[in-house]
Number of protein chains: 2
Amino acid sequence: MHSLTDQQQAIRDFIEREVTAGRPCPSQREIAGHFGFASKTAAACHVRALVKKGVLAVDAGKARSLQLVSLARANRRAAVEIPLFGSIPAGFGRDREEEADECIPVTIDSIGFKPTRNTFALRVSGDSMMGKHILDGDIVVLEHGPEPRPGQVVAALIDRKSTLKTFVVKNGKPFLKAENPKYPDLIPSDELMIQGVVRAVLRRLEK
Amino acid sequence: MHSLTDQQQAIRDFIEREVTAGRPCPSQREIAGHFGFASKTAAACHVRALVKKGVLAVDAGKARSLQLVSLARANRRAAVEIPLFGSIPAGFGRDREEEADECIPVTIDSIGFKPTRNTFALRVSGDSMMGKHILDGDIVVLEHGPEPRPGQVVAALIDRKSTLKTFVVKNGKPFLKAENPKYPDLIPSDELMIQGVVRAVLRRLEK
DNA sequence: GGTAATACTGTCCATTTGGACAGTATGCAC
DNA sequence: GTGCATACTGTCCAAATGGACAGTATTACC
């Protein structure tokens, strides 16, 4: 693979900036204008070189049809928005997303699985799960629906507030083990509504 | 906000499919062609309605300049690929990305800051940082360059292997505090190459 | 010295494209 | 009935656009 010249790299970067910013793909004349070329042929020539080197694709004859090859790959790993709740609401209707405080975009690769409609995120407050190395301020990504397996961390609804608990089985019976001293240590799991199973943890550290 | 008609929704979806697939934004005539309209004015009319309803933006006069408003928001949160190393190499040259084991796409929101060229990820092995609630298998996102502040977790190069340590200041002198019993507790920080400061933690839990 | 790639200027042209306008038909609210 | 949004067909046009071609200069490589 040939490497790009500085000028070619600059033009590639310009196209990437425009496209990733959500603006329409620049035309040859717009590229020339941005770089101060008097002739648009200069831009066309560079575009041709970028196509030849495989970093750019063009639909011949189509206006604004430049497609960055590396970006096309990134698109396949597109971010999916999942709703982030401060606390989980009781119902799980279709209006779920609108009830969310906000949405966080995650990529499939970063959480290790493809989010579904039953995927949501929860902002952790308090040190209730420090024993499981989940800290105050962390964001946990959960999946609603699947039966938890022993040892997994789940979100349960207590007093209209969701709390993280560890799912355990004792004497063949399922319990929720509270890691928070404010709640009893073991709660029969069928007395509580389990909202979801924790599938990923996201921690942002201070700058 | 007016809701979209079925036809308008279909046209919006078509534009979204094309754009997210990495293909150039469809022209009015291409939209008409896809839906079997004999006249491209039909497409233009729908586009105008979508703009009026606020779901679509157009740069007047520019070819293929349709921009989905919801997508523009997602684009600002676009995924950025950051290199993920099993172990950090000694140098930080331009070939950094090629030396990486793989890349993980992350979104700005999910790690809380915009990744730069000095951002990289590291797969944690061992329980050396369990005291800091960073576990075996976690992925830490680091930034190379900035001076660490006391209490922050840094990656340091020891025996050509990078290890996570806590940056502390004792008696006015900077030290790296090892949370791993295999290494001495305090190491003068200037004896080691600090590769980066941990800025985010990513944990994928088993299914 | 010759060849090729890069890096432009400048011009001409066919095609693509968006915009405007005229017209038809349907359904819905008032 | 009137007005309005929707949902089209069909036509004309000016501007935007990509493509091809002619030409110049520089640099690197053989």
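Below, read A as the first sequence line, B as the second, and so on, with proteins coming before strands; counting in each chain starts at 1. Below, each value reflects all heavy atoms present in this structure, side chains not excepted, and no hydrogens, waters or symmetry copies.
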Checklist entry - How long is the line joining CD1 of A/Ile31 and P of C/dT9, in whole Å? => result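 These atoms are roughly 14 Å apart.
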Checklist entry - Roughly how many Å is it from CD1 in A/Ile15 to P in D/dG18, rounded to a whole number? => result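 Those two atoms, CD1 and P, are 11 Å apart.
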Checklist entry - What one-letter contact string describes nucleotides 13-30 of chain C from 5' to 3', where B marks a base within less than 4.0 Å of any protein heavy atom, S marks contact via sugar-phosphate atoms alone, and - marks no contact? => result ---SBBBBB---------
With distance as the sole test, does [X] use its side chain to make a donor-acceptor pair with the main-chain N or O of [Y] at under 3.5 Å?
| X | Y | result |
| --- | --- | --- |
| A/Thr41 | A/Ala44 | no |
| B/Arg204 | A/Ala200 | no |
| A/Gln9 | A/Asp6 | no |
| B/Arg203 | B/Gly137 | no |
| A/Glu18 | A/Ile15 | no |

I want to check something: taking the side chain as every heavy atom from C-beta on, are [X] and [Y] in contact at a cut-off of under 4.5 Å?
| X | Y | value |
| --- | --- | --- |
| A/Leu142 | A/Leu122 | yes |
| B/Leu164 | B/Val154 | no |
| B/Val140 | B/Leu202 | no |
| A/Phe37 | A/Gln28 | no |

Checklist entry - Which atom pair, heavy atoms only, marks the closest approach of B/Cys25 to B/Ser65? => result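 Between these two residues, the closest heavy atoms are SG-N, 4.4 Å.
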Checklist entry - In degrees rounded to 10°, what angle is found between the helical axes fit to the five outermost pairs at each end of the helix from C/dG1-D/dC30 to C/dC30-D/dG1? => result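 That helix has its two terminal axes inclined by roughly 30°.
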Report all interatomic pairs (protein N or O, nucleotide N or O of nucleotides 4-7 of chain D) with separations under 3.5 Å.
| residue | atom | partner | partner atom | Å |
| --- | --- | --- | --- | --- |
| D/dT6 | OP1 | B/Lys53 | NZ | 3.3 |
| D/dA7 | OP2 | B/Thr5 | OG1 | 3.0 |

